[in-house]
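One structure is given here, and the rest of the page talks about it.
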Amino acid sequence: MIEINKDIVKEIIPKRIQNSHKGDYGKVLCITGSKKYPGAGILSAMAVLKSGAGYSILCSEDEVFAGCAAVYPDLIFQSHRNFNANFVKQILEKNKVDSIVLGCGITTNEYVVEFVDKMLDCFKEFDIPVVLDADALNCIAVLNRNDIKGKIILTPHPKELSRLIGVCADYIQADREHFLTFAQEKYASVILLKGHHTLISDNNDKIYKNTTGNSCLAKAGTGDVLAGLIGGFLAQKVSPVNATILAAYIHGLAADLYAEKFGEYSMLASDLLNFIPMAFKKILR
């Protein structure tokens, strides 16, 4: 097992070029949020920009955007009704998208499960790395699909992994490394297993253990931020496994910096966004 540390992360952070423009840092399509969980969409899409990516497109239900444009002017909005797969495919055909984040807060309603099923087939037509998080994973478990291969990153917590591989979450927690390896063999993707000392597996039989983070992260919405960070680094041409390693470390470090200043009780996921710049600065100085 390889412990992720500052030196490893510093080597894989994408470089900034002074003579550059937003197109040099990639465009991410976040298919996240819903009328039930609008915050998941906002958090994931804003985390994309905090990673250094050039564009963040939030594609979600109409209700998510009520009043959002004025509060979040940095985002590009693409609204649709009831998760229309054909509409998303048109976006991919018309836009040069460098990565996709799918799943944060989209729910597992029947029409959403059907949407995820169609999107998984759609992704095969485009050579684009994809982060599958939260409800996308729950939909995959319902669909019982095990053809999730290619430039795919799965980001389950133990309960979500339990649904994916049919093993009790308590068993997974008792032997996280073993069941992560089992899941990686089944899905042939990069997999991030959330929890204290988050674990990451890749297609080369390596497992990485994150060394940052604390109980601040046991709060709704922090996983959405993590998914957005991974998508943002992917758009900046970081490899799937390195993007996942980098996002996990910075995500945890941002929580550590918050805890140093305010303690571990009161952090919100939106607070976490504000400490990401400080995490970058601490790594790079």
Side-chain angles (χ1 to χ4, degrees), residues 9-33 39-60 64-65 68-69 71-78 88 91-92 94-105 123 126-134 136 151-153 155 190 192 200 221-254 269-270 272-281 283-284:
V9 169
K10 192 171 184 178
E11 285 297 312
I12 60 178
I13 287 180
K15 302 298 186 287
R16 305 295 288 186
I17 302 167
Q18 292 307 308
N19 184 20
S20 60
H21 57 83
K22 55 186 178 290
D24 293 325
Y25 301 108
K27 183 183 295 184
V28 183
L29 178 64
C30 292
I31 311 169
T32 54
I42 296 296
L43 289 167
S44 58
M46 287 300 296
V48 165
L49 295 177
K50 292 287 187 174
S51 77
Y55 296 84
S56 182
I57 303 171
L58 177 55
C59 182
S60 194
V64 173
F65 305 127
C68 283
V71 181
Y72 302 99
D74 309 274
L75 300 178
I76 299 168
F77 298 105
Q78 288 277 4
V88 174
I91 294 174
L92 294 176
K94 293 178 180 179
N95 294 270
K96 182 186 178 298
V97 174
D98 298 286
S99 66
I100 297 169
V101 179
L102 171 64
C104 311
F123 294 152
F126 301 88
D127 187 28
I128 303 172
V130 180
V131 182
L132 298 176
D133 184 54
K151 297 178 182 177
I152 303 291
I153 298 168
T155 59
V190 174
L192 177 149
I200 298 163
T222 59
D224 306 323
V225 173
L226 177 59
L229 284 174
I230 299 172
F233 292 131
L234 288 170
Q236 296 172 75
K237 309 306 180 187
V238 181
S239 72
V241 66
N242 282 346
T244 308
I245 288 169
L246 180 55
Y249 188 90
I250 288 179
H251 183 259
L253 181 56
S270 52
L272 187 62
L273 288 172
N274 295 326
F275 278 78
I276 291 170
M278 300 176 207
F280 273 111
K281 187 173 182 179
I283 293 166
L284 293 171

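When a residue number appears, it is its place in the shown sequence, counting from 1.
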Side-chain (His251) to main-chain (Thr222) donor-acceptor, under 3.5 angstrom: yes
Of all pairs that satisfy salt bridge (charged side-chain N to carboxylate O under 4.0 Å, His left out), the ones with a partner from residues 226-249, not counting sequence neighbours: Asp98-Lys237
Minimum heavy-atom distance between Gly221 and Ala269, given as atom pair plus value: C-CB, 3.4 Å
Exercise: identify the closest heavy-atom pair between Ala248 and Ile200: CB-CD1, 4.0 Å
Salt bridge (charged side-chain N to carboxylate O under 4.0 Å, His left out) partners of residues 39-48, not counting sequence neighbours, each pair once: none
Distance (rounded to the nearest 0.5 Å) between Leu58 CG and Leu43 CG: 10.5 Å
Minimum side-chain heavy-atom gap Ser270-Leu272 below 4.5 Å: no
Counterpart residues, side-chain hydrogen bond (donor to acceptor under 3.5 Å, both in side chains), relative to Ser51 (two or more places apart): Gln236
Flag side-chain contact, heavy atom, 4.5 Å: Leu75 against Leu49: yes
Non-neighbouring partners of Tyr55 that pass side chain to side chain contact (heavy atoms under 4.5 Å, CB included), sequence neighbours left out: Lys22, Lys27, Ile76
Set of side chain to side chain contact (heavy atoms under 4.5 Å, CB included) partners for Ala47, sequence neighbours left out: Val225, Leu229, Leu273
Exercise: identify the closest heavy-atom pair between Ala243 and Leu234: CB-CD2, 3.8 Å
Listed partners of Asp224 passing side-chain hydrogen bond (donor to acceptor under 3.5 Å, both in side chains), at least two apart: none
Ile230 CD1 to Ile153 CD1 distance, which is reported to the nearest 0.5 Å: 5.5 Å
Pairs satisfying salt bridge (charged side-chain N to carboxylate O under 4.0 Å, His left out), at least one member in residues 42-60, at least two apart: none
Listed partners of Lys94 passing salt bridge (charged side-chain N to carboxylate O under 4.0 Å, His left out), at least two apart: none
Residue pair Phe123 / Ile128, side-chain heavy-atom distance below 4.5 Å: no
Ser56 OG to Ile42 CD1 distance, which is reported to the nearest 0.5 Å: 9.0 Å
Phe233 vs Ile245, side-chain contact (heavy atoms from CB on, under 4.5 Å): CA-CA, chis, key distance, verdict: CA-CA 10 Å; Phe233 292 131; Ile245 288 169; over 6 Å; no
Side chain Ser99, main chain Gly231, donor-acceptor under 3.5 Å: yes
Option from Leu246, Val190, Ile12 for which side chain to side chain contact (heavy atoms under 4.5 Å, CB included) with Val241 holds: Val190
Separation between CG of Leu284 and CD1 of Ile13, rounded to the nearest 0.5 Å: 4.0 Å
side-chain contact (heavy atoms from CB on, under 4.5 Å) evaluation trace for Ile31 with Val101: CA-CA 6 Å; Ile31 311 169; Val101 179; over 6 Å; no
Full working for side-chain contact (heavy atoms from CB on, under 4.5 Å) between Ile100 and Val131: CA-CA 6 Å; Ile100 297 169; Val131 182; over 6 Å; no
Steps toward side-chain contact (heavy atoms from CB on, under 4.5 Å) verdict (Phe77, Ile57): CA-CA 6 Å; Phe77 298 105; Ile57 303 171; over 6 Å; no
Within 6.0 angstrom of Phe280 CZ, more than 12 heavy atoms from elsewhere: yes
Polar side-chain atom of Ser60 near backbone of Gly33 as donor-acceptor pair, under 3.5 Å: yes
Set of side chain to side chain contact (heavy atoms under 4.5 Å, CB included) partners for Ala134, sequence neighbours left out: Glu160
Closest approach of Val28 to Ala53 (non-hydrogen atoms, all atoms of both residues): CG2-CB, 4.4 Å
Interatomic spacing from CZ in Arg16 to CG in Asp24 - rounded to 0.5 Å: 9.0 Å
Atom of Cys104, atom of Ser44 and distance for their closest heavy-atom approach: SG-CB, 4.1 Å
Under the side-chain hydrogen bond (donor to acceptor under 3.5 Å, both in side chains) test, residues paired with Lys151 that sit two or more places apart: Asp127
Set of side chain to side chain contact (heavy atoms under 4.5 Å, CB included) partners for Ile91, sequence neighbours left out: Leu29, Cys59, Gln78, Phe87, Asn95
Thr244: side-chain hydrogen bond (donor to acceptor under 3.5 Å, both in side chains) partners, not counting sequence neighbours: none
Inter-residue atom distance Phe126.CZ - Leu92.CG, 0.5 Å rounding: 5.0 Å
